[in-house]
Amino acid sequence: MKPHMLVIIQQILYPLMCHTDEDQDLFENDPVEYIKIKYDVFEDFVSPVNAARQLVFQVASKRKQMLEQAMAFCMSELQNAQLHPRNKDGILHIIGAVAPVLLKKNVYKDQVEMMLVTYVFPEFMSQHGFLRARACWVLKQFAKVEFKSQENLINACNYVKQRILNDSCLPVNVEACCALNELINDEENELNPAVKELIGQNIHQVILKMLNLIRDTENDDVSGVIQRLIYVYEDQISGFAVDIMKHLAETFLSIVKCAEEQEDADVKDDKTITAVGILSTVESILSVMEGKQEIMNELEKIVMPIINAIIQNGMLDFYEELFTLICTLTSKQISEPMWNLLYVIYDIFQNDAADYFTELMPVLHNYVQVDTKSFLADPKRLECVLKMIKQVLDAQIDDDESESHAAKLLEIIVLQCHGQIDNVLPSIVQLVFERLSKEVESTELRTMLLQVVIAALWCNTDLLVQTLDNFSMSHGRSIMLDFINKWFGDIDCFFGIHDRKVCALGLNTLLQLAVNRRAELDQVSTKLLPSLCTVLEDLSKAYENRAREDSDDEYEEADADLDEVYSDEEEENEKKNRAMQDNGKEADEDDDSDLDDFDDDDEFDRTLLENYSTCIDNNDEVDEFVIFKETLQVLQTTQPQFYEQITGSLTPEQCKQIQEFITTANKRQADKESRRLLAAGGYSFNNLQVPSQFNFGAQNVFSHQ
């Protein structure tokens, strides 16, 4: 095969990649169908044209001489003045197919710009629509080329803009939109100001044209281009965001109506994909406009018919997007229509949305956290949310993720509604204990359930104790002690900052509670400080890791298609690497060590559920280290006998840890005071307190400074 590869390209692959009679018939007589076929990802699996394109790329990237031979053939064909337009399309097709390889090779990448100017730019003005479309496609493949001439870059962008706005062929319009998407998509560098200005001059017309394209062609790729433009031209788009949203809403409602009437499953699926793209574009506009409340109020009115259509028609395919839209609309404030929507969500949850609780969680979190006062103003709102949570926890389905989210929402309610839900707190605790009494396979679910009770212990100690005492009377044993033993058994299973913070707050509360419940808690009292040491030590590391993450540079994933395409320098490095692989065993040992280090750091990373913030997060009024220090101070002063009991069995290492925690508490208090004084316009060195001392079981004396 190897000696004949060039002949295969010239005589088999090249003809396959040329514009055909069938292509031309669709291009002229049914451009919408032409677009659907060309952009159908499933078509790629059976398309001989795509197979030919992939083979050309693989041959050019893996066989050194084939790239040179293929490019020589292409250049000789392009220089032929008598080359047929359809053959020219095939040649440009081949060149675009090997673009990733050309851009990695020094001998070619410096010539790409001139090749585009000489052979591609003229085709933007071709009398043949398919060649104008091919010019857009080729430019898209080479969008990452570094133009040495600013004029050439501007010309490229201008050609694309003109094909979007002024070309009469729908396939050309769509291909130009996709090319523009790549030209303005530079994640490594800031968008070229001249390019941004050029497109920005006509951004209203460009987006309006794209909206019409979506309506006429139902092409999902164009929706993606609009989404990118929305983020790039955020300030300019705010002036006509309402018009864009109206257009999107009309198109969406029209498409879903047609989809519902369709009996052909494939056609219905195509329309569903397009509708999902429109919903993503709607969400992008809402996200960008999130801080502009007046505009958001208008956008909400336009989006409501979309939301109602999805809910009333039970369109399960759009539920994830539906909840995303509602989440964005409730992220800053919650209007009366949005509050009313909570009851609608509850109704559909009873019927067919229970499987979407994880996707629904951000919405419910907003209802509880964004405007807690209004949430509690109508008892039915809390009742709806609690019933949905109970439905998930009682469902007895193998879905620990949904149950973990339900337990997390319970914890959020307990913390966020602190002191305002005493009437339902016993019911919440009972629900948690009922679930704990059944099999719980997931560590995350078990600790989240425990965390709900821990939060209740910290928020309303007396009520929680009373509730557990009532449970104890009906069960004939100490439910409080059972709970504490389960808690201590999972003390090293609390991850992330929030979970450990709640755990530490609960342990501090338990320290105070143990004084008055000596008979019941005496057997666990000596475990209190060691458990606190474990949690606070892990918290310290988690805070350090979070600070380190915040300062790290962001990394981006490499394009998987380029993994096997090496630059000249990379090929040399690859040869050296292969020569070093004989020492594999030693390298493997080093790799394992690196993985171990990574796992150690990863242990302290943010948990997924931690993304749902509460009133105690980033709140220096609730500082677990300061509370720990103050709790010890009170116990040492007022309960010396109990203090002696809980500190007498501490190891020297634990004593050292506690002293470090006290030092941390002092530093945090000093930092907080500094921020307060700085905000007040000055700093005072007066009233500095002399540190007291802690006696750990009469065996160690440390001063906290």
[Y]/[X] salt bridge by N-O under 4.0 Å criterion:
X    : Y    : result
K380 : E383 : no
E544 : R548 : no
K268 : D317 : no
K408 : E411 : yes

Say whether, by atom type as modelled, one donor and one acceptor occur between the side chain of [X] and the main chain of [Y] under 3.5 angstrom.
X    : Y    : value
T614 : Q416 : no
N366 : C327 : yes
N611 : L608 : yes
R500 : F494 : yes
N351 : D347 : yes
H498 : I616 : no

Taking every non-hydrogen atom, the tightest pair across [X] and [Y]:
X    : Y    : value
I306 : L253 : CA-CD2, 4.4 Å
E290 : T328 : OE2-O, 3.9 Å
L481 : Q523 : CD2-NE2, 3.0 Å
A275 : I255 : CB-CG2, 4.3 Å
F375 : V385 : CE1-CG2, 3.8 Å
K501 : V622 : NZ-O, 2.8 Å

[X] versus [Y]: any side-chain heavy-atom pair under 4.5 Å?
X    : Y    : value
T467 : L425 : no
L529 : Q654 : no
S280 : Q227 : yes
D522 : Q645 : yes
T647 : I658 : no
I326 : L322 : yes
I646 : Q639 : no
Q657 : L536 : no

So how far is it from [X] [atom1] to [Y] [atom2], rounded to the nearest 0.5 Å?
X    : Y    : atom1 : atom2 : value
D617 : Q369 : CG    : CD    : 9.0 Å
D221 : T274 : CG    : OG1   : 9.5 Å
M361 : F323 : CE    : CZ    : 13.5 Å
L505 : D623 : CG    : CG    : 9.0 Å
L248 : I214 : CG    : CD1   : 6.0 Å
S472 : D482 : OG    : CG    : 8.0 Å

Greater than 12 external heavy atoms within 6.0 Å of [X]'s [atom1]:
X    : atom1 : answer
E336 : CD    : yes
K672 : NZ    : yes
E294 : CD    : no
K271 : NZ    : yes
N340 : CG    : yes

Checking side-chain contact (heavy atoms from CB on, under 4.5 Å) for the pair L409/Y612: CA distance, chi angles, key distance, verdict? CA-CA 9 Å; L409 188 55; Y612 297 105; over 6 Å; no

For side-chain hydrogen bond (donor to acceptor under 3.5 Å, both in side chains), just list the numbers for Q466 and D462, CA-CA rounded to whole Å, side-chain angles, deciding distance to a tenth of an Å, and then say yes or no. CA-CA 6 Å; Q466 180 184 343; D462 293 339; over 6 Å; no

Can you list the steps and then say if E300 with S335 is a side-chain hydrogen bond (donor to acceptor under 3.5 Å, both in side chains)? CA-CA 9 Å; E300 180 184 304; S335 66; 2.5 Å; yes

Might you work through the side-chain contact (heavy atoms from CB on, under 4.5 Å) test for I454 and F483, ending with a clear yes or no? CA-CA 10 Å; I454 296 169; F483 161 66; 3.8 Å; yes

Parallel, tilted or perpendicular: rings of [Y] and [X] (30°, 60°):
X    : Y    : value
Y319 : Y356 : perpendicular
Y543 : F625 : tilted
Y367 : W339 : tilted

Walk me through it: do E298 and K301 pass the test salt bridge (charged side-chain N to carboxylate O under 4.0 Å, His left out)? CA-CA 5 Å; E298 294 299 314; K301 297 175 185 177; 3.6 Å; yes

Say whether Q512 and N508, considering side chains only, have a donor N or O and an acceptor N or O under 3.5 Å apart.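 Looking only at side-chain atoms, N508 and Q512 do not form any donor-acceptor pair under 3.5 Å.
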
Indicate whether the side chain of E283 and that of S287 have a donor and an acceptor atom separated by less than 3.5 Å.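 A donor-acceptor contact under 3.5 Å links the two side chains.
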
Step by step, would you call E320 with T324 a side-chain contact (heavy atoms from CB on, under 4.5 Å)? CA-CA 6 Å; E320 290 186 25; T324 300; 5.5 Å; no

Kindly indicate, with the supporting measurements, whether the criterion side-chain contact (heavy atoms from CB on, under 4.5 Å) is fulfilled by D538 and F495. CA-CA 8 Å; D538 288 346; F495 300 108; over 6 Å; no

D371 and R381: salt bridge (charged side-chain N to carboxylate O under 4.0 Å, His left out), yes or no, with the steps? CA-CA 12 Å; D371 190 353; R381 293 167 183 169; over 6 Å; no

Before we go on, tell me: are the rings of F252 and F318 under 6.0 Å apart, centre to centre?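 Ring centres of F318 and F252 closer than 6.0 Å.
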
